[in-house]
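Count residues from 1 along the sequence. Read the numbers this way: they start at 1 and go in the same order the structure lists the ligands and their atoms.
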Amino acid sequence: VSDIEPILNGNRLALARLLTQIENETAAGMAALNTLFPYTGRAHLIGVTGAPGTGKSSLVNRLAYFYRHPPTGDAPPLKGGEAAPEQAAPRKVAVVAVDPTSPFSGGAVLGDRIRMRDLSGDPGVFIRSMASRGSLGGLARATAGLVAAFDAAGFDTIIIETVGAGQAEVDIAKLAHTTLVLEAPGLGDDVQAIKAGILEIADILVINKADRPGVENTERALKNMLNLAHPGPRIFQEARGRYREWAAETPAPGAPELALWMPLIRRTVATEGEGIPELAAAIAQHRSFLEETGDLQKRERIRLQSELDLRIQDALVTRWQGNTHYDAYRNTLEQLVRREISPAQAVARLVN
Ligand SMILES: Nc1nc2c(ncn2[C@@H]2O[C@H](COP(=O)(O)OP(=O)(O)OP(=O)(O)O)[C@@H](O)[C@H]2O)c(=O)[nH]1
Ligand SMILES: [Mg+2]
């Protein structure tokens with residue numbers, strides 16, 4: 001049994017070592033994750049995705065700083081009558097930057113670097129950048145592992161930054177409770193330029209660099225897309241349909257399939273910190289929605305079930321590879337290429 005006490009007690013050095021072990025998928029790392037698992041499931045996981053250079057890291061810095069220094073006194077009501085973020089004690093914030101195109105602390109203006117230093121000297125903040133990895137599956141597994149370690153170590157808010165690049169961002173969205181998709185004016189002023197897929201994963205659409213011209217066009221394009229697409233096939237609805245049979249889940253009679261969350265749109269200027277309290281309020285609003293509708297448990301269940309399914313596939317393939325001679329595989333492939341056997345016959349021969 002691995003010694004997880006230092007992790008649970010918030011020892012940063014032990015945590016840093018464990019994160020490296022998890023990233024490298026060592027036996028010790030995997031064993032520790034098994035032991036830590038019962039202590040996970042408490043953190044609010046916030047995914048931040050968007051095209052390279054949209055300002056994700058700058059925004060994450062600001063958000064982390066905001067959570068560490070919550071406004072004091074009675075917060076004024078925010079625009080639109082939304083609840084102000086709760087005046088709780090500072091939360092412990094972990095940041096996982098997945099495969100950043102630029103280092104997390106790099107490429108930032110001076111003001112950002114000062115902000116970063118404020119964060120890095122703060123024991124309530126832990127920032128971890130993850131190097132590029134070979135396989136998407138490996139990336140998703142390692143990210144989930146890092147998040148679990150932070151969760152067990154008592155970080156109540158975990159922010160995951162990932163570059164918007166197709167499947168990876170969808171996987172991260174499944175991992176997160178609340179997903180922010182960043183857009184920047186000038187990059188996608190017309191509807192075509194904004195990837196349709198983002199609407200399936202975005203809980204909050206953030207128009208960062210709102211100090212730039214074209215912000216009105218971007219907001220209009222996003223609103224139009226939302227109106228066209230919503231209610232659309234968002235990933236959790238789809239996944240729920242797919243998994244219901246296996247989960248033996250019976251919806252209450254007359255209950256709606258899933259309460260509908262209309263993605264919110266917020267403007268920010270991450271370099272100046274503008275719009276951050278309003279964004280934090282939107283995140284809190286989404287969190288409350290998840291709790292009140294029971295969606296939090298549903299998402300958690302779907303997440304664990306899809307991880308289980310992926311791991312079953314991995315395990316079965318690995319076992320099959322261990323039981324199959326490469327020669328047999330290659331001969332069968334040759335026969336398939338010569339069209340002497342069909343793909344289905346090839347599988348029947350190799351798997352049975
Ligand atoms: N004008 C303006 N510039 C910004 C804003 N937010 C970020 N930037 C700048 O945009 C550049 C990219 O910012 P990052 O925070 O590194 O963006 P990113 O999305 O994390 O980039 P990658 O991780 O490389 O994909 C930096 O030079 C920032 O200073 C903003 O609101 N307004
Ligand atoms: Mg970045």
Point to revise | ligand 1 contact by E272, heavy-atom criterion under 4.0 angstrom | key: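 Contact absent.
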
Check your understanding: G50: heavy atom below 4.0 Å from ligand 1, yes or no?
Key ->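 No, G50 has no heavy atom closer than 4.0 Å to ligand 1.
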
Check your understanding: Pairs in or reaching into residues 282-291: which pass salt bridge (charged side-chain N to carboxylate O under 4.0 Å, His left out), with residues at least two apart or in two chains?
Key ->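 As it turns out, the salt bridge (charged side-chain N to carboxylate O under 4.0 Å, His left out) pairs with a partner in residues 282-291, which skip direct neighbours, are R287-E291.
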
Check your understanding: For ligand 1, which atoms sit closer than 4.0 Å to a heavy atom of T54?
Key ->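 Taking each heavy atom of T54 in turn, ligand 1 has 19 (O) under 4.0 Å.
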
Review point. Any N/O of P52 closer than 3.5 Å to an N/O of ligand 1?
Key: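 No; every N/O pair is 3.5 Å or more apart.
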
Practice item. Give yes or no for whether the N/O distance cutoff of 3.5 Å, strictly under, is met between A270 and ligand 1. Key: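 The answer is yes, given that A270 and ligand 1 share an N or O pair closer than 3.5 Å.
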
Exercise for review: Determine whether the side chain, the backbone, both or neither of L182 has a heavy atom under 4.0 Å from any heavy atom of ligand 1.
Suggested key: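 Within the 4.0 Å criterion, L182 makes no contact with ligand 1.
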
Exercise for review: Evaluate the criterion side-chain contact (heavy atoms from CB on, under 4.5 Å) for residue pair L15 and F150; output intermediate values, then yes/no.
Suggested key: CA-CA 8 Å; L15 178 59; F150 280 127; 3.9 Å; yes

Exercise for review: Tell me, please, which residues at least two apart from R339 pass salt bridge (charged side-chain N to carboxylate O under 4.0 Å, His left out).
Suggested key: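 R339 satisfies salt bridge (charged side-chain N to carboxylate O under 4.0 Å, His left out) with no residue once adjacent residues are dropped.
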
Exercise for review: Give the atom name of whichever N/O/S atom in E161 sits closest to the Mg ion (ligand 2).
Suggested key: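 Distance check against the Mg ion (ligand 2) picks out OE2 in E161.
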
Check your understanding: Is the Mg ion (ligand 2) under 2.8 Å from any N, O or S atom of S57?
Key ->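 Yes, within the cut-off.
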
Exercise for review: Give a yes or no answer on whether the side chain of T268 reaches the backbone of I276 with a donor-acceptor pair at less than 3.5 Å.
Suggested key: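 Checked: no pair found.
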
**Study point:** Sidechain N-carboxylate O distance under 4.0 Å for R267, E216
**Key:**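 Salt bridge: yes.
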
Check your understanding: Is the closest basic N to carboxylate O distance between K298 and D295 below 4.0 Å?
Key ->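 Salt bridge: yes.
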
